[in-house]
Amino acid sequence: MKKRHWYDYLWIWSIIYFALGFFNILFAWLGLIDFLVPIIIAIFGGNKFFCNNLCGRGQLFSKLGTDCKCSRMKKAPKWLSSKWFRYGFMIFFLTMFVNMVFNTYLVAEGASSLKEVITLLWTIKVPWGWTYQQGVVYDWIAQFSFGFYSLMLTSAIIGLIVMIFYKPRTWCSFCPMGTMTQAICKIKAHKEIKK
Amino acid sequence: MLSKRYAYADSGRCVSCGVCTKVCPMNAISIFKGCFAVVKEELCIGCGKCQKICPAACITIKERGAL
């Protein structure tokens, strides 16, 4: 047996994060940790320690897929982990992220009003109003929460689907954060890779 | 004595998720600077656990004699 580390239990964090969003949407802001930490580690550490050891979502997929046998363990189609799809999906995901930030800006400027909905898979609107009472914080802070939680839930759903159909961590093969951090690492280590 | 087979990771297809490093019973795989997985061939016993779990299917099991 391999030695257990404290960070081997971060899959619990992933569950807690999604659970908190059902009670108070403002907790969605905590998800920014999962956005910033991998980038900081990649830029300053030049490695993917986050993906390899800290990613709660990846661990959750491993737990459900491998330990709970919720995965068919079939090979995923090759294009799913091809460069063009990985970078294409990353660009799509980032575009949707910028779109979400722009919506937040519109609410902050008063050009549009706060919408208490979660948008799943960028299309399906689900009323989510019970998690927020208007006026608790600035409208834009709440708007960002709804938008960010939508992105997190959407990617988790896609991840769960590919986990069931293919390998447990198939999501990792086209995860936008993984693609981004790997690209940063490759730029940092380009001299050593060429050898 | 070396095993008959060993794992080989395709650095061009690897997404460096690190799941192979977690399942390897010999700790023979590491992620080189976040870029790709590298197998220490002399430690590898060719069990194929990494090949089975790799989401990008970038690991193949090779025969040692074949090289």
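What's counted below: heavy atoms across the whole structure, side chains too, no hydrogens, waters or symmetry copies. In what follows, every chain begins at residue 1, and chains take the letters A, B, ... in the order their sequences are listed. All of these numbers come straight from a predicted model, not from anything done at the bench.
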Exercise for review: Kindly write out the residues that satisfy side-chain hydrogen bond (donor to acceptor under 3.5 Å, both in side chains) with A/W122, not counting sequence neighbours, or none if the list is empty.
Suggested key: none
Check your understanding: Given A/W29 and A/F144, is the ring-ring contact (aromatic ring centres under 6.0 Å, His included) satisfied, shown in steps?
Key -> CA-CA 8 Å; A/W29 279 83; A/F144 183 83; 4.4 Å; yes
Point to revise | Per-residue contact mode, B/I53 against chain A (heavy atom under 4.5 angstrom) | key: both
Practice item. Name the option with the most non-hydrogen atom pairs under 4.5 Å to chain A; the candidates are B/G18, B/G34, B/P25, B/G12. Key: B/G34
Check your understanding: Does a side-chain heavy-atom distance below 4.5 Å link A/L151 with A/F97?
Key -> yes
Review point. Are side-chain heavy atoms of A/L160 and A/F61 found at a separation under 4.5 Å?
Key: yes
Donor-acceptor pairs under 3.5 Å, chain A versus chain B:
unit_1: A/K2; atom_1: NZ; unit_2: B/T21; atom_2: O; d: 2.6
unit_1: A/K2; atom_1: NZ; unit_2: B/K22; atom_2: O; d: 3.3
unit_1: A/K2; atom_1: NZ; unit_2: B/C24; atom_2: O; d: 2.7
unit_1: A/K2; atom_1: NZ; unit_2: B/N27; atom_2: OD1; d: 2.9
unit_1: A/K48; atom_1: NZ; unit_2: B/V15; atom_2: O; d: 3.2
unit_1: A/N52; atom_1: ND2; unit_2: B/S16; atom_2: O; d: 3.2
unit_1: A/N52; atom_1: ND2; unit_2: B/C17; atom_2: O; d: 3.0
unit_1: A/N53; atom_1: OD1; unit_2: B/K22; atom_2: NZ; d: 2.8
unit_1: A/K78; atom_1: O; unit_2: B/R13; atom_2: NH2; d: 3.4
unit_1: A/S81; atom_1: OG; unit_2: B/R13; atom_2: NH2; d: 2.8
unit_1: A/K83; atom_1: NZ; unit_2: B/G12; atom_2: O; d: 3.0
unit_1: A/K167; atom_1: NZ; unit_2: B/K52; atom_2: O; d: 2.7
unit_1: A/Q182; atom_1: NE2; unit_2: B/C14; atom_2: O; d: 2.9
unit_1: A/Q182; atom_1: NE2; unit_2: B/S16; atom_2: OG; d: 3.4
unit_1: A/Q182; atom_1: NE2; unit_2: B/C35; atom_2: O; d: 2.8
unit_1: A/E192; atom_1: OE2; unit_2: B/K33; atom_2: NZ; d: 2.3

**Study point:** Toward chain A, the part of B/C14 with a non-hydrogen atom under 4.5 Å
**Key:** backbone
Review point. Within a radius of less than 6.0 Å around CZ of A/F92, do more than 12 heavy atoms belonging to other residues, nucleotides or ligands occur?
Key: yes
Practice item. Under 4.5 Å heavy-atom distance to chain A, tell me which part of B/A57 shows up: side chain, backbone, both or neither. Key: side chain
Study note, to complete from the structure: The side chain to side chain contact (heavy atoms under 4.5 Å, CB included) partner of A/N103 among A/V101, A/L106, A/V107 is A/L106
Review point. Is the number of heavy atoms from other residues, nucleotides or ligands within 6.0 Å of CZ (A/F27) greater than 12?
Key: no
Check your understanding: Are A/L80 and A/F174 close enough that some pair of their side-chain heavy atoms sits under 4.5 Å apart?
Key -> yes
